[in-house]
Amino acid sequence: MPLVLGLDSSTQSVSAVVLDTAAGSVVHEASVSFGSDLAEYGQPSGFIPGGENGEVHSDPLMWVEALELLMTRLGDSGIDLSNIAAISGSGQQHGSVYLDESFESAVQSFDPWRDLKSQILPHLMRQSSPIWMDTSTGDECAEIATAMGGNVEVCRRSGSIVIERFTGPQIRRFAKMDLDGWNLTGVVHLVSSFMASLLAGKSVAIDYGDGAGMNLLNLASGDWDDDLLEATVPGLRGKLPPVEASATVAGKVSKYFVEKHGFSPDCEVVLFSGDNPCSLVGMGGATPGKVVISLGTSDTLFAAMPEPRTDPNGYGHVFGNPMGGFMSLICFLNGSLAREAVKDDLGLDWSAFEKEGLAATPAGNDGRLMLPFFGPEITPRLESSQAVYVGWPPATGPGERDPAAVVRAVLEGQFLNMKVHSGWLGVEPETIYLTGGASENDGIAQTVANVFGVPVSRLGVSGSAALGAAMRAAHAACGVDLAELEAAYCQPEEGPTLQPDAGVGEIYAELEQKWVSALHDSYSLPNH
Ligand code: XUL
């Protein structure tokens, strides 16, 4: 019974899912949490607390130890690791690991009688790794953008304007702060390619999915962009792994994992990718036409794209789609925090939010609009903000507005914002796949269907990044068809697909225009 293993090295844990793709089943899931399982690192949320000047770093040795512990747990759970035919994985995006020149040769011959962590330690040229939550690189972003003649050009080439958490600006900051450390660095890996290198026993390539989150990859050529490299740190190409298609088999699993954890020497390691690209696959959204909206602390919208368009406003990102082509990722910071602010402010629970709010008001809210930005926002880019109400009776002040209409206004405002700021994708969605906590609320899901004018299907998938990684391993190394994998693992939850209500199309078309005008009247949006 050949199995595949998908790993997810995320901010707070490293987790695994084992699939039997012939049976279409999930055989086992396991996880190691940095907070509870590796408390001795003192990084309960997966990063070193108290970073200054926007620095958010993690200890890469913690990731290594978690990987090893996870393998031990998988073995202890009765899974025969010699039955694993292929492994792939997912990593939190943008984080970087700085290794010396001898890492490449050392990783080939790690000693199975010693732990992995102590054998990596001498090769780390930077003891901590900046991760995606780091915002310390404002100066470096400005320097790179200026050297490139502006962010429009950076976005055109790399799919994103220069972003603080992206790896290029982070590398530049390290080279400025610690030139000696930088000069001794032989290779910079992403979290994804670092973990894959440990498993493959060699320094492997970065894939297009995660590589596009560095502000260094030229999307059109599929190679590192020489001008971006030069603007970041001269000579950078010599310290980066090559970049390759996500479906590349990097090689067989290393001797270390064969001898220590019982893997078969024939087990293949497929390049790892970023967590968002892997989630696209795990949610069944890897073929164009499906748009995935995840309603979480912040909301995200992602979709496969046939061609590398970029966001003219510079808010969204374009990454490689691990199944070929490209994908977008648009992040809306004011997600459930804004919904909860309204709910709590009105003293409602989620059921009342739906019954006394949505159900008591008409689609379009009689023209009452909200710009639902309760704090800083990425899409559109707003440094700080508070909600703006447009089209309400003139005398209404805070606390006097009809609570039911406020509930509807926050949701319609959020989904109009998503619709307006995803138009650049050029994707006409056939179905919206909705996931995340708030998607369970029927009224919220119906409002998404109505605002977009597209049927909404709710996904039952959990752990989509690890699942997507396992599906990628099965597809790339074992030749299993993507459609077959999606049919087995990415089915919508029980329950009907929600169709848009009849007659609401025109209402929302009109409301969208008013909403866009209100946005531009209320904020001076920065040009990048
Ligand atoms: C994406 C991003 C986050 C991390 C989380 O740009 O920064 O979604 O990938 O792991």
Side-chain angles (χ1 to χ4, degrees), residues 60 91 93-107 123-126 129-130 137 140-151 153-197 200 202-246 248 250-251 271-274 308 317-320 326:
Q93 292 200 254
H94 319 300
S96 41
V97 185
Y98 300 74
L99 298 146
D100 68 1
E101 271 179 11
S102 58
F103 169 72
E104 169 88 70
S105 58
V107 73
H123 302 286
L124 277 182
M125 288 297 97
R126 193 179 190 183
S129 291
T137 59
E140 289 73 20
C141 288
E143 289 156 6
I144 294 168
T146 304
M148 289 299 295
N151 259 320
E153 184 57 15
V154 178
C155 188
R156 188 184 70 75
R157 295 191 196 206
S158 75
S160 303
I161 64 168
V162 195
I163 302 281
E164 285 87 343
R165 67 185 188 284
F166 277 36
T167 324
Q170 293 290 346
I171 294 175
R172 180 174 175 82
R173 184 159 188 266
F174 179 55
K176 278 168 60 182
M177 279 175 19
D178 181 0
L179 187 58
D180 291 342
W182 175 247
N183 285 336
L184 289 170
T185 298
V187 60
V188 182
H189 272 291
L190 293 179
V191 178
S192 57
S193 60
F194 173 60
M195 297 301 253
S197 297
K202 60 180 179 184
S203 184
V204 307
I206 289 176
D207 87 302
Y208 292 145
D210 218 8
M214 301 173 79
N215 281 140
L216 297 173
L217 179 66
N218 187 308
L219 292 179
S221 73
D223 190 13
W224 303 125
D225 182 294
D226 283 319
D227 297 327
L228 283 167
L229 294 174
E230 200 59 21
T232 302
V233 185
L236 179 53
R237 187 183 278 272
K239 297 185 195 248
L240 285 181
V243 58
E244 287 174 6
S246 315
T248 307
L271 289 186
F272 282 27
S273 188
H317 308 303
V318 180
F319 300 140
F326 302 88

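- Rounding to the nearest 0.5 angstrom, the gap separating the CE atom in Met214 from the OG atom in Ser160 is 12.5 Å.
- At least one donor-acceptor pair under 3.5 Å links the side chain of Arg172 to the backbone N or O of Thr232.
- Taken from CG in Asp178 to CZ in Arg126, the straight-line distance is 8.0 Å, to the nearest 0.5 Å.
- No side-chain heavy atom of Met195 sits under 4.5 Å from any side-chain heavy atom of Val97.
- Nearest heavy-atom pair, Ala212 versus Phe319, reported as atom, atom and distance to 0.1 Å: CB-CA, 3.6 Å.
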side-chain contact (heavy atoms from CB on, under 4.5 Å) evaluation trace for Tyr208 with Leu217: CA-CA 8 Å; Tyr208 292 145; Leu217 179 66; 4.3 Å; yes

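- Atom CZ of Phe166 and atom OG of Ser158 lie 7.5 Å apart (nearest 0.5 Å).
- One N or O on the side chain of Asp100 and one on the backbone of Phe103 form a donor-acceptor pair closer than 3.5 Å.
- Side-chain atoms of His94 come within 3.5 Å of backbone atoms of Gly213 as a donor-acceptor pair (strictly under, hydrogens ignored).
- Of all heavy-atom pairs spanning Met125 and Gly181, the tightest one is CB-O, 4.1 Å.
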Arg157 vs Asp227, side-chain contact (heavy atoms from CB on, under 4.5 Å): CA-CA, chis, key distance, verdict: CA-CA 10 Å; Arg157 295 191 196 206; Asp227 297 327; 2.8 Å; yes

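- What you find for Gly159 and Leu219 is that their closest heavy atoms are CA-CD1, 3.6 Å.
- The side-chain heavy atoms of His317 and Gln93, taken from C-beta on, include no pair separated by under 4.5 Å.
- Taken to the nearest 0.5 Å, the CZ atom of Phe272 stands 11.0 Å off from the CG atom of Asp207.
- Checked by atom type and distance alone, the side chain of Thr185 never pairs as donor or acceptor with a backbone atom of Leu99 at under 3.5 Å.
- Leu190 and Ile206 get closest at one heavy-atom pair: CD1-CG2, 3.8 Å.
- The line from NZ of Lys176 to OG1 of Thr137 is 9.5 Å long, rounded to the nearest 0.5 Å.
- Using a 4.5 Å heavy-atom cutoff, the side chains of Leu236 and Trp182 are in contact.
- Residues Ser203 and Ser197 share a closest heavy-atom pair of CA-OG, 3.7 Å.
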Derivation and outcome, side-chain contact (heavy atoms from CB on, under 4.5 Å), residues Val233 and Lys239: CA-CA 10 Å; Val233 185; Lys239 297 185 195 248; over 6 Å; no

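- In terms of modelled atom types and a separation under 3.5 Å, the side chain of Asn215 and the main chain of Leu228 share no donor-acceptor contact.
- At least one donor-acceptor pair closer than 3.5 Å links the side chain of Trp224 to the backbone N or O of Pro241.
- Arg156 and Asp225 are not joined by a salt bridge, as no carboxylate oxygen comes within less than 4.0 angstrom of a charged side-chain nitrogen.
- Nearest heavy atom pair, residue Gly209 against residue Ser246, reads N-OG, 3.9 Å.
- A donor-acceptor contact shorter than 3.5 Å is absent between the side chain of Ser193 and the backbone of Val204.
- Side chain of Ser96 to main chain of His189: no donor-acceptor pair is present (N/O by atom type, distance under 3.5 Å, no hydrogens or angles).
- Rounding to the nearest 0.5 Å gives a distance of 6.5 Å between CG of Leu184 and CG of Asp180.
- Using modelled atom types, one side-chain atom of Gln170 and one backbone atom of Glu164 make a donor-acceptor pair closer than 3.5 Å.
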Working for side-chain contact (heavy atoms from CB on, under 4.5 Å), residues Val243 and Leu216: CA-CA 11 Å; Val243 58; Leu216 297 173; over 6 Å; no

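- Within the 3.5 Å criterion, the main-chain N or O of Ala250 finds no donor-acceptor partner in the side chain of Thr248.
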